[in-house]
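Quick caveat: nothing in here was measured; it's all calculated off a predicted structure.
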Amino acid sequence: LEIMPGAEDGSTPALEGLCHVSELHIERVRNCEGFVGSMNTETLEVKFLGINAKGQVQLSRRQAMEEKGIGGGRGGGQRIGGGNQRR
């Protein structure tokens, strides 16, 4: 992910951030690339969680959704994103 703080006029340098698979959606995501690709957008609204010990920016789309009341919270165990599943 690239974070574009402030206006998108290029006056502020972009930062790189991490959004762990568990922070992409309220429900379980099995395939990150498939999930993000299915959204048909180049931007995601995320919440800034902090900076880890390696100096990496940590982000959460799940927490941003919960704060806006989207998705109704965790639970249900539904799996999103498909992917290769072994049974």
Side-chain angles (χ1 to χ4, degrees):
L1 292 177
E2 251 187 299
I3 306 168
M4 303 298 284
E8 295 183 5
D9 61 2
S11 62
T12 308
L15 300 172
E16 290 185 15
L18 300 174
C19 187
H20 189 269
V21 62
S22 65
E23 296 293 338
L24 276 177
H25 194 66
I26 292 168
E27 303 295 339
R28 183 174 179 191
V29 174
R30 287 182 117 337
N31 180 321
C32 294
E33 289 181 32
F35 175 76
V36 174
S38 71
M39 296 179 70
N40 296 322
T41 184
E42 292 186 18
T43 61
L44 298 175
E45 188 169 329
V46 295
K47 177 180 178 178
F48 172 76
L49 299 179
I51 298 177
N52 67 16
K54 295 179 182 179
Q56 298 166 318
V57 176
Q58 294 181 298
L59 308 168
S60 174
R61 180 175 175 268
R62 177 183 59 81
Q63 288 186 33
M65 292 173 65
E66 288 174 347
E67 286 182 359
K68 287 192 166 223
I70 301 171
R74 284 198 142 180
Q78 181 180 354
R79 295 179 179 153
I80 300 173
N84 296 331
Q85 300 176 6
R86 293 183 183 180
R87 296 189 189 242

Are Leu49 and Leu44 in one and the same hydrophobic cluster, where Ile, Leu, Val, Met, Phe, Trp and Tyr link if side-chain heavy atoms are under 4.5 Å apart?
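Different clusters.
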Gap separating the CD atom of Glu45 from the CD1 atom of Ile70, nearest 0.5 angstrom:
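It comes to 7.0 Å.
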Rounded distance (nearest 0.5 Å) linking atom CZ of Arg61 with atom CG of Leu24
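So the gap between those two atoms works out to 7.0 Å.
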At their closest point, which heavy atom of Val29 faces which heavy atom of Val21, and how far apart are they?
O-CG2, 3.5 Å
Looking only at non-hydrogen atoms, find the nearest pair between Ser60 and Gln63 and report the distance.
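What the structure gives for the nearest pair is OG-N, 2.9 Å.
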Might you confirm whether atom CD of Gln56 has over 12 heavy atoms from other residues, nucleotides or ligands at distances under 6.0 Å?
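Atom CD in Gln56 is packed in, count exceeds 12.
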Mind running salt bridge (Lys or Arg N to Asp or Glu O under 4.0 Å) on Lys47 and Glu66 for me, showing each step along the way?
CA-CA 10 Å; Lys47 177 180 178 178; Glu66 288 174 347; over 6 Å; no
Under the side-chain hydrogen bond (donor to acceptor under 3.5 Å, both in side chains) test against Arg62, which residue among Glu23, His25, Glu27 passes?
Glu23
